Amino acid sequence: METLTFDSDDLDRTEEFFSHAYAKMRIGGGTSDSSRARIHRSAIDSVSVDELDLDFDMSYAVTPLGRICLCIVHEGTIEDHVYQGVSDSFGPGDVVSFAPPELSYAGRVHAARYNITMLDPELLTQVAGATGGRRPEPVRLTGHRPHTPAAGDRLRSTIRYVQDHVLSDPAVADQPLVASTAAQHLAATVLATFPHTASDPTGSERQDAHPAALRRALAYIDDHADRPLTVAQIAEAAHISVRALQYAFRRHLDSTPLAYVRQARLSHAHDELAAADPEDGATVTDIAARWGFYHPGRFATLYRHSYDRSPRRTLHDG
């Protein structure tokens, strides 16, 4: 996990910081009475979450970021935001995708406090991409506004959840399964929030979603539950496309690949809790985090639902 903090009232320094932290950027038109910028970033390998507080007005022009860039406006406004084919303005409560990773964009900030969350576009492909051969077909967002206000609310809650329960604690964020689970959860929520290029399975993909392929997928998950897993990796191991894999899980198990991954890891956490000795310093929180469960309360709820007892009781009673 990485963190950084920036606090300056020098616009030249702010421009230099923005260009280093995001992409080459030109800012201008800052108000003369104040120009203070405060930024805090927390990041894991494929996701970064920044909180920005600018108490001045400025224009910006940004070269392509190469990443999905999401924005949540807390206070103030972002106006005249433009990129190829789009011109829009955002205010408090808005949740948007700033621009496709390959496009430049420009606009103007008016004394705003806002969140910028960036993620690797490859995450979208890992979660929902089609595998048409050896290389997955990239999945792209095709709109910058959420499908519905409720979808935007869910994305806002997911980003806050990642902030509060993963990025707030380096010891948790540095757990490989926690980091991969959080990143995929965020990517899945992004795909549920914005229109994108992934579609329902084709006729041939439906035919591929047979029980033998599902068995290969389940075996791969069970054998690799202790490692970061993507839906694309599971699909490759099952020799079918991602869409066919998702359809197979939905058709035969009424579930999803990632839900099965979570259940497999819960089973491993249960086994470790039963075998561990609290006298040796074993804790529920540590064991849960090692298996990708970064929120102790939610882990306890999932555990009780599956095993009809608390994880703490399993740890202490064996």
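Bear in mind the structure is a predicted one, so any value in this text is a computation, not a measurement.
A heavy-atom distance below 4.5 Å is not found between the side chains of S48 and T117. At least one side-chain heavy atom of V109 sits less than 4.5 Å from a side-chain heavy atom of Y114. The shortest distance between side-chain heavy atoms of Y105 and P100 does not fall below 4.5 Å. L302 is listed as a side-chain neighbour of R262, based on a closest heavy-atom distance under 4.5 Å. Side-chain contact between S35 and D10 is absent, with no heavy-atom pair separated by less than 4.5 Å. L155 places a side-chain heavy atom less than 4.5 Å from the side chain of F194. E272 has its side chain within reach of R290: a pair of non-hydrogen atoms, C-beta onward, lies under 4.5 Å apart. Between L214 and Y260, the closest side-chain pair of non-hydrogen atoms is not below 4.5 Å.
A cation-pi arrangement, defined by a distance under 6.0 Å to the six-membered ring centre and an angle within 45 degrees of its axis, is absent between R265 and F293.
A donor atom on one side chain and an acceptor atom on the other are found under 3.5 Å apart for S306 and Q263. For the residue pair D226 and H268, no side-chain donor N or O sits within less than 3.5 Å of a side-chain acceptor on the partner. Judged by distance alone, the side chains of Y303 and H270 do bring a donor and an acceptor atom under 3.5 Å apart.
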- Task: Take R313 and D317, measure what salt bridge (Lys or Arg N to Asp or Glu O under 4.0 Å) needs, and give me the verdict at the end.
- Result: CA-CA 6 Å; R313 180 179 170 188; D317 295 349; 3.5 Å; yes

- Message: With side-chain contact (heavy atoms from CB on, under 4.5 Å) as the criterion, how do V190 and L123 come out once you've worked through the C-alpha distance, each side chain's angles and the decisive distance to 0.1 Å?
- Response: CA-CA 10 Å; V190 169; L123 283 170; over 6 Å; no

- Query: So D50 and R41, salt bridge (Lys or Arg N to Asp or Glu O under 4.0 Å) or not? Walk me through it.
  - Reply: CA-CA 4 Å; D50 300 355; R41 167 175 291 182; 2.9 Å; yes

- Please walk me through it: do N115 and Q163 pass side-chain contact (heavy atoms from CB on, under 4.5 Å)? CA-CA 11 Å; N115 172 289; Q163 281 183 293; 3.7 Å; yes

- Evaluate the side-chain contact (heavy atoms from CB on, under 4.5 Å) criterion for residues R251 and R206: first the C-alpha distance (whole Å), next the side-chain angles of each, then the deciding distance (0.1 Å), finally the verdict. CA-CA 10 Å; R251 176 183 177 186; R206 290 174 185 271; 6.0 Å; no

- Message: For a side-chain contact (heavy atoms from CB on, under 4.5 Å) check, start with the C-alpha distance between W291 and L266, then their side-chain angles and the critical distance, and finish with the verdict.
- Response: CA-CA 7 Å; W291 288 102; L266 184 66; over 6 Å; no

- Item | Derivation of the side-chain hydrogen bond (donor to acceptor under 3.5 Å, both in side chains) call for H144 and S97 | CA-CA 5 Å; H144 72 289; S97 172; over 6 Å; no

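Taking the six-membered ring where the residue is Trp, F17 and F6 present parallel rings, their angle staying beneath 30° rather than reaching 60°.
A donor-acceptor pair under 3.5 Å links the side-chain atoms of H196 to the main chain of L191, judged by distance alone. Remark: side-chain polar atoms of H252 are paired, donor with acceptor, to backbone N or O of A209 under 3.5 angstrom. Looking at S180, its side chain does come within 3.5 Å of a backbone N or O of L177 through a donor-acceptor pair. Side-chain N or O atoms of D174 include none that pairs as donor or acceptor with a backbone N or O of A171 at under 3.5 Å. Not one N or O on the side chain of E122 forms a donor-acceptor pair closer than 3.5 Å with the backbone of S46.
Across R145 and S89, no two heavy atoms sit closer than the pair NH2-O, 3.1 Å. Of all heavy-atom pairs spanning A23 and V62, the tightest one is CB-CG1, 4.1 Å. In this structure, H239 and R216 approach most closely via the heavy-atom pair CD2-NE, 3.4 Å. Heavy-atom minimum distance, L65 versus M118: CD1-SD, 4.2 Å. Contact detail for I116 and C69: the closest heavy-atom pair is CG2-SG, 3.7 Å. For the residue pair A179 and A173, the shortest heavy atom distance occurs at CB-O, 3.7 Å.
The environment of D254 atom CG is sparse: at most 12 non-hydrogen atoms of other residues, nucleotides or ligands sit within 6.0 angstrom. For E2, the CD atom counts as loosely surrounded, since its 6.0 Å shell holds 12 or fewer non-hydrogen atoms of other residues, nucleotides or ligands. The local environment of CZ in R67 is crowded, with over 12 non-hydrogen atoms from other residues, nucleotides or ligands closer than 6.0 Å. Heavy-atom contacts from other residues, nucleotides or ligands closer than 6.0 Å to CG of D223 number more than 12.
With hydrophobic clusters built from ILVMFWY side chains whose heavy atoms lie under 4.5 angstrom apart, I221 does not share a cluster with Y247. A continuous path of hydrophobic side-chain contacts links I78 to Y22 [ILVMFWY only; heavy atoms under 4.5 Å]. Cluster membership for L70 and V82, using ILVMFWY side-chain heavy atoms within less than 4.5 angstrom, is not shared.
One finds the OG1 atom of T314 at 10.0 Å from the CD1 atom of I287 (value rounded to the nearest 0.5 Å). With rounding to the nearest 0.5 Å, the separation of OH in Y220 from CD in Q233 is 5.0 Å. The structure places NE2 of H20 at 12.5 Å from CE of M25, a figure rounded to the nearest 0.5 Å. Atom-to-atom distance recorded for D88:CG and F98:CZ is 10.5 Å, nearest 0.5 angstrom. Distance check, rounded to the nearest 0.5 Å: OG of S8 to CD of E15 gives 12.0 Å. Between the CZ atom of R250 and the OG1 atom of T256 there is a distance of 10.0 Å, given to the nearest 0.5 Å.
Note on D7 versus R36: salt bridge recorded, some NZ/NE/NH1/NH2 to OD/OE distance being below 4.0 Å.
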